[in-house]
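So the structure is just underneath, and the comments pick up after that.
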Amino acid sequence: MSSELNNLTIAGALEGLAKKDFSAVELAQAHLRAMEKHRDLNAYIVETPEKALSMAKASDERRAKREKLGALDGISLAIKDLFCTDGVQTTAGSHILEGFKPPYESTVTANLWKAGAVMLGKVNMDEFAMGSSNLTSYFGGVGNPWRRRGDNKRLVPGGSSGGSASAVSARMALGATATDTGGSIRQPAAFTGTVGIKPTYGRCSRWGIVAFASSLDQAGPMARSVKDCAIMLGAMAGHDPKDSTSVDLPVSDYTKALTGDVRGLRVGIPKEYRLDGMSPEIEKLWHEGAEWLKKAGAEIKEVSLPHTKYALPTYYIIAPAEASSNLARYDGVRFGLRVPGESLDDMYEKTRAEGFGKEVRRRIMIGTYVLSAGYYDAYYLKAQRLRSLIARDFDIAFKDVDVILTPSTPSAAFAEGENTDDPIQMYLNDVFTVTANLVGLPGISVPGGLDSQGLPLGLQLIGRAFDEEALFRVGGVLESSANFTAKPAGY
Amino acid sequence: MSDEKNLIEGRTGMWEVILGLEVHAQVISEAKLFSGASTKFGADPNTQVSLVDAAFPGMLPVINKYCVEQAVRTGLGLKAEINLKSVFDRKNYFYADLPAGYQISQYSQPIVGKGTIVLDMAGGVKRHIGITRLHLEQDAGKSLHDQHPTKSYIDLNRSGVALMEIVSEPDLRSSEEAAAYLKKLRSILRYLGTCDGNMEEGSMRCDVNVSVRKVGDPLGTRCEIKNVNSIRYVQQAIEHEARRQIEILEEGGSIRQETRLYDPSKGETRSMRSKEQAHDYRYFPDPDLLPLVLDPNWVSEIKATLPELPDEKRARFISQYGLSDYDAGVLSGEKEIAEYYETVAKGRDPKLVANWVSSELFGQLNKVGKWITDSPVSADALGGLIDLIADNTISGRIAKDVFAAMFETGKPAKQIVEEKGLRQVTDTGAIDAAIDEIMAKNADKVAEYRGGKDKLLGFFVGQVMKATGGKANPALLNERLKAKLAG
Amino acid sequence: MSLDSKTVAHIAMLARIKVPEAELAALAKELSGIMTWIEQLNEVDTTGVEPMTGVLHRNLPQREDKITDGGYPDKILMNAPDAAHGFFTVPKVVE
């Protein structure tokens, strides 16, 4: 029995814990065994078994003493290595932070622990969350538990939350925290047949999360069902006075949104997302998704988001610009790597050249360039104006519809070496997800089915600001309609 | 604009100096601009540092409302426009004491816009100096370069403390004007309670932009002298820098726009090596903060609580107390002096009090190098002394000795007068007796006086005063003496 | 926009990332490719469009002027690669 505990959903595990079918310690142990078994996936950078067991034990004691329990009491979770965890190494997947042990806990993870959750360890990610393959991690790539049918080639789990996706998909965690700056929750969720939601900007505190692009970054959960994500987000979200961009709005019980009733709801299909050369399988799934919702009583309407094609280049100005500034603090003085130098500047230059990987250096360079004298107006200001236009597109569309349905990604998971060397090709992975970040809207990716090679594909829903409930409601219907029960072989 | 006496004579003609000042004034607040760490000066290294101030990963700024209020108050005190919407930008550069690799500042949309400071120059000349802007920003930490042969030490206690950068228009024309500007600005800030103006502790720092030109020529290339930490050094640095530029130009050279450092021990400025690299601050709006939008009612509330500022106080001292423009200027120039003066002047002769404060008190304070707040003679004590003059207990002359004793011992005037028996003699009998004695001793002079030598009156007054130990009431003495001499 | 090696060297200096001389040309080519792709934004006329700096249309929250933080130099210094006597250290700076 206990060997299968890691196959449960969070909702299922909470039920089992409540019925005393098993203990939180047994639940954690099942995961620790799975983690050990699947170390080849390289999903975890740091495993924290002692912490996991002591937190689980504390949860069991609370339960035994009939103390008030949190929404995630006893639930074993993986934490993306972008979240600072008190006394536990936090690297953001970078050499430059290797060995860094924050003397503080991020607000989001602190909220989870307050809700009784159990930490299994810190999971791998693209360096500083920059990537869509997890290949940019200093601690190595992460394996996707899914394989193409009849092909044993290792595939990427997507990124930047590749470790979170792989851990959840391979049953090495019931759920995981993740972050999404351009698609880093939704794209890996789609690649691994899991559910991931990027809430509205301002919903989750960014305090204690290593910053990539401050105006785009947002934390969210990844799990194996829409309901599990609803439970997790409810615990993660909330106003934090330590983050000036955290909004003071009540967080509702998102599980209550899972009514299965979408009658009368208007679902927008943005015509501009029908890209040239889009895979027929993706297009087919998208169409299917719309049909499912229609069958459930929703109204399907075509909407126009005319500036869609400019979202990606806009993003590749704004995100690197902010990153170039956010990553200036990694200078070898107060924490992390220092490479000795003849002078202060020499020390800086050597430390940062050695400490940052290629993609991070590339983005810092782009960001520095677009902000530099003489180019600011042409690039940065231009991108901000485009951002306004993209936001306006959504404002207009949301006058007619309640949610927007799109594919999550333009393709299924790929293997290392397949287009991964061309930065622009890699950037295109985020083409469907990045708009939501630019305008701060919530987006969820739900598994829709398998492609002809047996790989999962995801459907994305984008909602109005702070209307995560609509995403859970519609996402729940997509989930039940798709009836996605496939599992990666061997997990 | 060019005032003859401000020009500098060079080999090739007369040169005009064009000066603009950028003052960094540390905001008086308990906590830092974007973190809850203390702003207190002089603590052990890195003890007043939050994770935010040290720019740890994932740390975020949250603005201190009181610092915003202080900036608005200062803007109002400078009669400047308050921008109801302002934006915080990041100024990006690498330096050892700048933990985040950027300073949160305000670039294109500062909290305060154009304002004015009026300078009172010698001879009653008033100069209106434009304020370009005032913005809020974070201070950096401190680098210590002399603690180790190969390392600089970094203390982040100051990192994140709120600063107001106050930028003047290039309206200043001499080192004296620059000094007057700094004194006036400091006085206004202290009146407002927004900055303590302490240049030694670095809570007010000054960058000076200097250029020179022949009268009537377009503006020349300027050099910026960074971080000058006293008004005297500002004057010296300007004098030196202007001469240096004139010499270069008269030799046919040209001025390179650069940042320079004033070395007070050598009395010269030199190019700053660390600032030589081309900098490009890559300002952009800080995405961790939203635009700062002020409620106009809140600004009005602050305005309603502004204290009376030096210019208004000076005008009132003239109209209310009948002081001269000069005395009013001296007594209103510093908040503490003005408070002292008004405490003493209340219910007393304001002109007499003005004299006592500006001559006797300042004289004694200067002698011992003390500031008015440390004066051993309090305002009430000085008032007590002046009351003794007014009620004829002592004469003005004796009062000066009493004051000196008060300053030395801290004792009240009354006590000193009693102890030393300095009470004025107003007893007619005692004075008459003294007069009789002097007249008897000097019968010859009495005869001369009576013979028409009026001038001898002074001699008799002096003698009688001497005989009474200076304590005789002068008016009474005069009256009695004249009567007796008249026979 | 095509970036030359000199520009890339300047950008690298501003970003304080050492780029070996020999790699400048290749990096310039790579960055130029990305910038050229980005420049498709020039197709869009953005005249009169307000730049958007963030997605939240809210006022900046402000905190009270209270000392609530600091006083833990050990935490501040514990991760430093070369702390001494309560200070961070860097190679000596000449001003």
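- Taking 4.5 Å as the limit, some side-chain heavy atom of A:L312 sits within range of a side-chain heavy atom of C:W37.
- Between C:T7 atom OG1 and A:M365 atom CE the span is 10.0 Å, to the nearest 0.5 Å.
- When each of C:V8, C:V19, C:T46 is scored by its heavy-atom pairs under 4.5 Å with chain A, the top score falls to C:T46.
- Proximity to chain A (any heavy atom under 4.5 Å) is shown, for C:Q62, by neither the backbone nor the side chain.
- Residues C:N42 and A:K382 form a side-chain contact, since some pair of their non-hydrogen atoms from C-beta on lies under 4.5 Å apart.
- Contacts between A:S214 and chain C at a heavy-atom distance below 4.5 Å are absent for every atom of the residue.
- Residue A:K242: no heavy atom, backbone or side chain, is found under 4.5 Å from chain C.
- Atom NE2 of residue C:H10 and atom OH of residue A:Y369 lie 10.5 Å apart, to the nearest 0.5 angstrom.
- Taking non-hydrogen atoms and a 4.5 Å limit, the residue list of residues 50-60 of chain C in contact with chain A, ordered by number, reads C:E50, C:P51, C:M52, C:T53, C:V55, C:L56, C:R58, C:L60.
- Per-residue heavy-atom pair counts under 4.5 Å with chain C were compared for A:P340, A:A383, A:G355, A:A353, and the maximum is reached by A:A353.
- The line from CG of C:L41 to OH of A:Y379 is 9.5 Å long, rounded to the nearest 0.5 Å.
- Residues of residues 325-333 of chain A lying under 4.5 angstrom from chain C, judged on non-hydrogen atoms, are A:G332, A:V333 in numerical order.
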Tell me, with the steps shown, if C:V90 and A:R338 meet side chain to side chain contact (heavy atoms under 4.5 Å, CB included). CA-CA 10 Å; C:V90 296; A:R338 167 183 290 196; 4.2 Å; yes

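- Heavy atoms only, all atoms of each residue included: C:M35 and A:I366 are closest at SD-CG2, 4.1 Å.
- Annotation: the span from A:K309 atom NZ to C:E43 atom CD amounts to 4.0 Å, rounded to 0.5 Å.
- With chain C as partner, the option from A:Y104, A:Y310, A:F335, A:Y348 having the largest number of non-hydrogen pairs under 4.5 angstrom is A:Y310.
- A heavy-atom distance below 4.5 Å is not found between the side chains of C:I34 and A:Y316.
- Of all residues in residues 77-89 of chain C, those placing a non-hydrogen atom less than 4.5 angstrom from a non-hydrogen atom of chain A are C:M78, C:N79, C:A80, C:P81, C:D82, C:F88, C:T89.
- When each of A:R362, A:H307, A:E342, A:R392 is checked for heavy-atom pairs under 4.5 Å with chain C, A:R362 comes out on top.
- Here the closest heavy-atom approach between residue C:G33 and residue A:I424 is recorded as O-CD1, 3.8 Å.
- For chain C, the nearby part of A:S372 is the side chain; its heavy atoms alone come within less than 4.5 Å.
- In terms of heavy-atom pairs under 4.5 angstrom with chain C, the leader among A:T351, A:L381, A:V247 is A:V247.
- To the nearest 0.5 Å, atoms OH (A:Y427) and CD1 (C:I38) are separated by 8.0 Å.
- By the side-chain hydrogen bond (donor to acceptor under 3.5 Å, both in side chains) test, C:D74 pairs with no residue at all, sequence neighbours left out.
- Of the listed residues (A:L441, A:I390, A:L386, A:D346), the one with the most heavy-atom contacts under 4.5 Å to chain C is A:L386.
- Formation of a donor-acceptor pair under 3.5 Å by the A:R352 side chain with backbone atoms of C:A15 is found in this model.
- Heavy atoms from other residues, nucleotides or ligands lying under 6.0 Å from NZ of C:K92 number more than 12.
- Atom CD of C:Q40 has more than 12 heavy atoms from other residues, nucleotides or ligands within 6.0 Å.
- Going from atom CD1 of C:I11 over to atom OH of A:Y375 covers 7.5 Å, rounded to the nearest 0.5 Å.
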